[in-house]
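Structure first, then comments.
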Number of protein chains: 2
Amino acid sequence: MRPENAKTRRKPRADSLRNRERLLEAATQIFSAGGPQASLEAVARQAGVGIGTLYRHFPTREALFEAVYRHEVDLLGELAEELAHEDDPVEALRKWLQANVRLVATKKGMIEALQLVAHGSSDLKAYSFERMTNSIGLLLDRAVAAGEIRSDVPPEDLLRTLVGIFYSQGTTDWQPTALRLVDVFVDGLRKR
Amino acid sequence: MRPENAKTRRKPRADSLRNRERLLEAATQIFSAGGPQASLEAVARQAGVGIGTLYRHFPTREALFEAVYRHEVDLLGELAEELAHEDDPVEALRKWLQANVRLVATKKGMIEALQLVAHGSSDLKAYSFERMTNSIGLLLDRAVAAGEIRSDVPPEDLLRTLVGIFYSQGTTDWQPTALRLVDVFVDGLRKR
DNA sequence: TGATAAACGGAGGCATCCTCCGTATAAATA
DNA sequence: TATTTATACGGAGGATGCCTCCGTTTATCA
């Protein structure tokens with residue numbers, strides 16, 4: 001068989017794909033525990049892979065961090081799609097927001113990491129803003145359509161509120177507060 | 001002459017004081033250019049001092065950073081006191097706020113550094129919050145007393161607004177925007 | 001002018017960063 | 001299936017940074 005077009009490409013090697021996955025998973029753990037300046041060699045070790053392999057897949061620390069972040073955002077997006085099939089739309093929205101809080105809370109290093117994003121690649125910012133807005137919109141629209149909550153709060157505002165809740169909370173043990181604030185806010189969205 | 005009290009203390013050595021000064025100055029430059037994780041050995045080099053000397057004066061990176069930050073806050077405090085002798089109180093206020101913008105703008109690494117403070121020692125937070133609030137109060141009160149601006153904006157609110165202006169601005173070339181916002185805000189404070 | 005408390009500098013041991021390249025292996029080809 | 005070859009792998013190695021330790025220097029005090 002001849003090449004399909006000018007750009008002859010082999011199928012990517014299976015080990016390459018596998019290693020990429022492993023690195024991403026390891027990086028999520030290591031960054032979560034140690035913040036965004038954690039050792040990359042630790043990431044490679046955790047992934048059971050040579051340091052060279054890490055650098056081939058992710059040439060810079062930022063590239064790796066970006067990939068991890070994108071992955072997390074994608075997971076939240078998938079969660080939103082699952083929750084969109086739940087019976088109670090308001091509950092679904094609440095659960096998704098709480099999942100956000102838990103995500104950030106569990107991975108304490110992520111807070112610092114998020115602040116780097118705030119000053120980093122605007123590609124990444126645009127991507128995650130859109131993806132997150134869509135996720136919220138999905139859940140919000142359903143609840144609005146069901147006539148259960150008010151219709152004058154756009155998804156962007158809800159996203160910004162969420163970020164505000166994260167940012168305002170300083171150090172330790174803020175998770176309960178954040179969860180409460182989410183609760184209050186969702187209740188506030190309810191039609192009376 | 002006998003010791004004045006139980007805690008006999010020699011006069012601190014002149015070279016010690018001098019080196020401390022030099023380190024502080026060097027650290028301000030290095031951190032400004034390279035952000036809060038810049039090399040401490042570079043700081044020592046820049047100060048013309050051994051690395052051991054740096055560590056004796058500032059046992060941790062945070063200690064050094066804290067000292068730099070305190071120093072900057074103190075400088076702003078002194079500037080406020082100077083400006084309090086200017087003829088036009090509203091202009092004085094405006095100048096002080098603009099000095100803040102310029103300080104942060106010139107020292108781009110400081111932005112990241114500030115974010116660390118936000119999650120760091122609450123001693124430092126308390127100190128700088130008070131010192132900054134006082135500086136603003138000094139200038140604000142004079143302008144209020146002169147009957148030139150409204151009296152229902154407390155210094156704390158102005159400080160938070162300032163921080164908000166810094167935080168909202170993302171990456172490059174935000175200085176003009178920030179200066180404009182300060183202008184708008186000061187004009188808004190004026191009685192009509 | 002000594003005596004001495006205090007400060008100095010930088011070598012040294014360890015960790016991390018990132019590059020480079022010989023080796024290994026999965027996909028393509030025959 | 002056997003061979004070829006593009007691709008990926010791993011980790012040694014040189015550079016840099018962190019921080020400690022301690023022999024040497026020096027400013028104060030008497």
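The chains referred to below are lettered A, B, ... by the order of the sequence lines, with proteins before strands, and numbering in each begins at 1.
Listed candidates were D:dC29, C:dG10, D:dA12. Nearest to the side chain of B:I51 is C:dG10. Of the candidate nucleotides C:dC8, D:dA8, D:dC18, D:dA8 has the atom lying nearest to any side-chain atom of A:S16. Of the listed nucleotides (C:dC8, D:dT5, D:dT28), D:dT28 has the atom at the smallest distance from the side chain of B:R10. In the set D:dA27, C:dC17, D:dC9, D:dA27 carries the atom at the smallest distance from any side-chain atom of B:A14.
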Could you run down the sub-3.5 Å N/O contacts of the protein with nucleotides 21-26 of chain D?
unit_1, atom_1, unit_2, atom_2, d
D:dT26, O2, B:R13, NH1, 2.9

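Ranked by how close their nearest DNA chain C nucleotide is to the 5' end, A:L40 and B:E41 are led by B:E41. Toward the 5' end of DNA chain D, the nearer of the two residues B:R18 and B:S39, judged by each one's closest nucleotide, is B:S39.
In this structure, B:L54 atom CG and D:dT20 atom P are separated by 12 Å, rounded to whole Å. If you measure from atom NZ of B:K11 to atom P of C:dA7, you get 14 Å, rounded to the nearest angstrom. D:dT7 atom P lies 17 Å from atom CZ of A:R20, rounded to whole Å. Between the CZ atom of B:R61 and the P atom of D:dG17 there is a distance of 11 Å, given to the nearest Å. Rounding to whole angstrom units, NE2 of residue B:H57 and C1' of D:dT20 are separated by 17 Å. If you take OH of A:Y55 and P of C:dC21, they are 18 Å apart, rounded to a whole angstrom.
Looking at heavy atoms from C-beta onward, A:L64 lies in side-chain contact with A:F31 at the 4.5 angstrom threshold.
Backbone-only engagement by B:P12 is indicated by non-hydrogen atom pairs under 4.0 Å involving sugar-phosphate atoms exclusively.
A salt bridge links B:R70 and B:E66; the closest N-O separation between the charged side-chain nitrogens and carboxylate oxygens is under 4.0 Å. Between A:R18 and A:D15 no salt bridge is recorded (no basic side-chain N to carboxylate O distance below 4.0 Å).
A distance-only check finds no donor-acceptor pair linking the side chain of A:W96 to the backbone of A:A84 [under 3.5 Å].
For residues 130-147 of chain A, the side chain to side chain donor-acceptor pair (under 3.5 Å) pairs, not counting sequence neighbours, are A:D74-A:R131.
Here A:R94 contributes atom CZ and A:L179 contributes atom CG; the two are 11.0 Å apart, rounded to the nearest 0.5 Å.
For the pair A:N19 and D:dA8, the criterion of a side-chain N or O lying under 4.0 Å from OP1 or OP2 is not met. For D:dG10, the OP1/OP2 oxygens have a side-chain nitrogen or oxygen of A:T53 closer than 4.0 Å.
The closest side-chain donor-acceptor pair between A:Q29 and A:Q46 falls under 3.5 angstrom.
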